[in-house]
Amino acid sequence: MPAGLVYEVNLEVEDAVAAEYRDWLRGHVAEILALPGFLGATLSEVLDPAPPAGFAGLCVQYRLENEAAYATYLRDHAPRMRADGQARFGGRFRASRRVLHPFEER
């Protein structure tokens, strides 16, 4: 069984701010990857299911060492980092999150 965790954030961002949001997101992801226990991330454009009209769909999948690293992130860093996105973009984006535990790699 593979070790680690995948923390996935799915975003719907208004087209009017999507380019600015992507630029901000790159720095945001870099800041998260500097935290202990984060191993890497993949940023993707969501193609299917298509985002609602007027929105861009984005997905970030972070790879973490273990559940303890994720718990530390939630406790010590997530509130501040999420607040930064809200302060910059307000209600112009929506985020949903999920945590995955890989059980097989091929």
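Index from 1, following the sequence.
Relative orientation of the H77 and Y73 rings is parallel, given thresholds of 30° and 60° on the angle between their planes.
Here the closest heavy-atom approach between residue P36 and residue A69 is recorded as O-CB, 4.1 Å. In plain terms, the two heavy atoms of A56 and D15 that are nearest each other are N-OD1, 3.3 Å. Residues Y62 and A41 share a closest heavy-atom pair of CD2-CB, 3.8 Å. The shortest heavy-atom contact between V6 and P102 is CG2-CG, 4.1 Å.
Taking 4.5 Å as the limit, every side-chain heavy atom of Y21 sits out of range of all side-chain heavy atoms of R92.
Atom CG in L11 sits 11.0 Å away from atom OG in S44 (nearest 0.5 Å). To the nearest 0.5 Å, the span separating SG on C59 from CG on L43 amounts to 8.5 Å. Interatomic distance, OG1 of T72 versus CD of E67, reported as 11.5 Å (0.5 Å rounding). Between H101 atom NE2 and N66 atom CG the span is 9.5 Å, to the nearest 0.5 Å. One distance of note links CG of L100 with CG of L64; it measures 11.0 Å at 0.5 Å rounding. With rounding to the nearest 0.5 Å, the separation of CZ in F38 from CG in L5 is 9.5 Å.
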Can you check side-chain contact (heavy atoms from CB on, under 4.5 Å) on V13 and L25, steps first, answer last? CA-CA 11 Å; V13 183; L25 185 61; over 6 Å; no

Go through the steps for F55 and E14 under the test side-chain contact (heavy atoms from CB on, under 4.5 Å), then give the verdict. CA-CA 4 Å; F55 286 83; E14 288 183 12; 3.7 Å; yes

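Under a hydrophobic clustering in which Ile, Leu, Val, Met, Phe, Trp and Tyr are joined whenever their side-chain heavy atoms come within less than 4.5 Å, directly or via other members, V60 and L39 fall into different clusters. Linking Ile, Leu, Val, Met, Phe, Trp and Tyr whenever their side-chain heavy atoms come within less than 4.5 Å puts V17 and V29 in one cluster.
Between R88 and D84 there is a salt bridge, with a side-chain nitrogen of the basic residue lying less than 4.0 Å from a carboxylate oxygen of the acidic one.
When each of R63, Q61, R97 is paired with Y7, the side chain to side chain donor-acceptor pair (under 3.5 Å) condition holds for R97 and for no other.
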